[in-house]
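This chain uses plain numbering: 1 for the first residue, then up along the sequence.
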Amino acid sequence: MRTSEEVVIDVDGLRMRYGAADVLRDVTFQARRGEVLALLGPNGAGKTTTIEILEGFRMRSAGRVEVLGTDPAHGDEHWRARLGIVLQSWRDHGKWRVRELLAHQGSYYAGHSTERIARPWDGDELIAAVGLTEHADKQVRMLSGGQRRRLDVAIGMVGRPEMLFLDEPTAGFDPQARREFHELILGLAAAGQTTILLTTHDLPEAEKLADRILILDQGRIVADGSAKELAEQIVGEGEVRWTLNGRRHVRSTQDPTRFVFDLFETHGEAISNLEVRPSSLEDTYLSLVHRAESGLGDTADASARKEAV
C-alpha cells in the first residue's frame, strides 16, 4: 500500500452529544491519501456516528472536521461526487443488469471531474476491476451474496472517488467471498489514489487490510497505530509454548526471542513442540475492552494516545 503526505481526513476535537449524553468526546485523528484506516470498537462506541459525520449525513455538536479539504456539514454536490460510500445493505436494483446499472450510476458523475480524477470509470473497466466480468449481463437479483457485495463496491467506486467509506463490508460473507473481497480492497489501496475508511467487527480483516487502526471506546479514541504497533503498546507480550519432559508449558514474555534463546541454552534438545505467538490485534482489542470494563478506560486512553503520538 502506498500513501502520500496529503491529508484527506482531518478531525480535531470532534464531539457529538445527544441530550445530556456525549456519544463522541474529543475525537482527533487524520488519514492520508492512499491510506487504509480501520475503525474498530464495541457496539455503542461511536463508530457509526463518526462515519455519518464524515460523510456529511449527521451534524456534529462541536469540533473541526475536514474531508478532502471541505467541512462535510457544508459539502456541496461537487464534493459528494468525490466520495464513495458502501453501506451495510445494498439498494434494491434487482431487475437491473450489472452493466446497465453501473452505466446509469456513472451518468450522475458527468460534469463533476476534478484535477485528480478526470472521469468516471468506464463500465467494463470497473466491472473487470471488481471481478464481475462474467456476470456483467446478469440481473442483479441473480447474483450471489458475494457478487452483490462486489457490485456494492463498484457502485461506490463508479465516480473514481478519492475517499471511500466501507461500513461492515463483509458482513455475512462466506470465507471464499471474504477472501476475494479482501483482494479487491488491497488492489484498490495499492493504486495509492483512494483513501479507504473501513468499519468492521472482524479483527483479522482489520489486521489484513489496514495500514492504521483506530479503536473507539466510549466515544473516545483509545488507540491509534498499525496492528503491530498497537500490540506492542497495549499488550506488549508474546506467548511462548513448549513441551519439556512430557509436560506442556506456556509463558508470556516481553522478549520472546530472548526467552527462547535462554530456554534452549538451558534445556537444549529436551525442548519440543515449540510455538511462539506474537501479540495480536485480538489481544490488543480484548485488553482495551477489559480495561474499560475494569474502570481503567481513562488511564488506558491517555496511555494509548501518548504512545501513538
Side-chain angles (χ1 to χ4, degrees), residues 1-3 29 35-43 45 170 173-176 178-183 185-186 189-190 198-218 220-309:
M1 302 178 190
R2 298 177 296 177
T3 63
F29 69 94
E35 189 172 29
V36 180
L37 193 64
L39 186 60
L40 306 182
N43 290 332
T170 60
F173 273 28
D174 60 54
Q176 176 66 24
R178 183 175 290 108
R179 181 164 55 251
E180 292 176 352
F181 186 82
H182 289 169
E183 292 172 357
I185 296 305
L186 291 171
L198 165 79
T199 67
T200 181
H201 283 98
D202 187 330
L203 299 182
E205 178 171 81
E207 194 162 13
K208 179 178 181 179
L209 297 179
D211 298 303
R212 278 174 52 226
I213 294 167
L214 302 178
I215 299 181
L216 270 174
D217 180 53
Q218 300 179 24
R220 292 180 177 176
I221 292 179
V222 298
D224 179 352
S226 69
K228 180 179 180 181
E229 289 168 346
L230 295 185
E232 292 173 351
Q233 293 165 11
I234 308 301
V235 180
E237 294 186 344
E239 186 177 83
V240 180
R241 297 171 178 262
W242 74 97
T243 299
L244 177 63
N245 299 325
R247 294 184 58 187
R248 191 67 172 157
H249 301 268
V250 180
R251 177 71 63 84
S252 294
T253 173
Q254 293 279 353
D255 190 349
T257 301
R258 183 66 195 179
F259 183 84
V260 170
F261 178 84
D262 292 342
L263 197 63
F264 274 98
E265 190 173 50
T266 302
H267 300 287
E269 295 182 358
I271 298 294
S272 62
N273 300 319
L274 178 69
E275 300 176 27
V276 179
R277 188 177 71 87
S279 297
S280 67
L281 179 59
E282 182 177 5
D283 296 325
T284 303
Y285 186 82
L286 293 176
S287 177
L288 285 165
V289 171
H290 174 72
R291 292 183 191 191
E293 292 176 348
S294 301
L296 301 176
D298 291 340
T299 300
D301 180 14
S303 175
R305 286 204 303 267
K306 180 179 179 181
E307 292 286 351
V309 172

Hey, what do you get for [atom1] ([X]) to [atom2] ([Y]), rounding to the nearest 0.5 Å?
X	Y	atom1	atom2	result
D224	L214	CG	CG	4.5 Å
K208	D202	NZ	CG	10.0 Å
E205	I185	CD	CD1	9.0 Å

- prompt: Can you name the residues that form a salt bridge (Lys or Arg N to Asp or Glu O under 4.0 Å) with R179, not counting sequence neighbours?
  reply: none
For [X] versus [Y], what's the shortest heavy-atom pair and its separation?
X	Y	result
A227	E207	CB-CG, 3.7 Å
E229	G225	OE1-CA, 3.5 Å
L40	A206	CD2-CB, 3.9 Å
T170	H182	CG2-NE2, 4.3 Å

Given side chains that start at C-beta, do those of [X] and [Y] come closer than 4.5 Å, heavy atoms only?
X	Y	value
I215	I221	no
L216	V222	no
D217	P42	yes
L198	L37	no
R258	T253	no

Counting only pairs under 3.5 Å, give me each side-chain donor-acceptor contact of residues 263-274, with atom names and distances, residues two or more places apart or in other chains.
| unit_1 | atom_1 | unit_2 | atom_2 | d |
| --- | --- | --- | --- | --- |
| T266 | OG1 | D262 | O | 2.9 |
| N273 | ND2 | T243 | OG1 | 3.3 |

task: Sequence neighbours left out, what passes ring-ring contact (aromatic ring centres under 6.0 Å, His included) with F29? Give chain and number order.
output: none
- prompt: Salt bridge check: are R251 and E239 linked by an N-O gap of less than 4.0 Å?
  reply: no
- request: Output yes when a side-chain donor or acceptor of D211 lies under 3.5 Å from a complementary backbone atom of E35, and no otherwise.
  value: no
Pair R248-E275, salt bridge (Lys or Arg N to Asp or Glu O under 4.0 Å): steps then yes or no: CA-CA 11 Å; R248 191 67 172 157; E275 300 176 27; 3.0 Å; yes
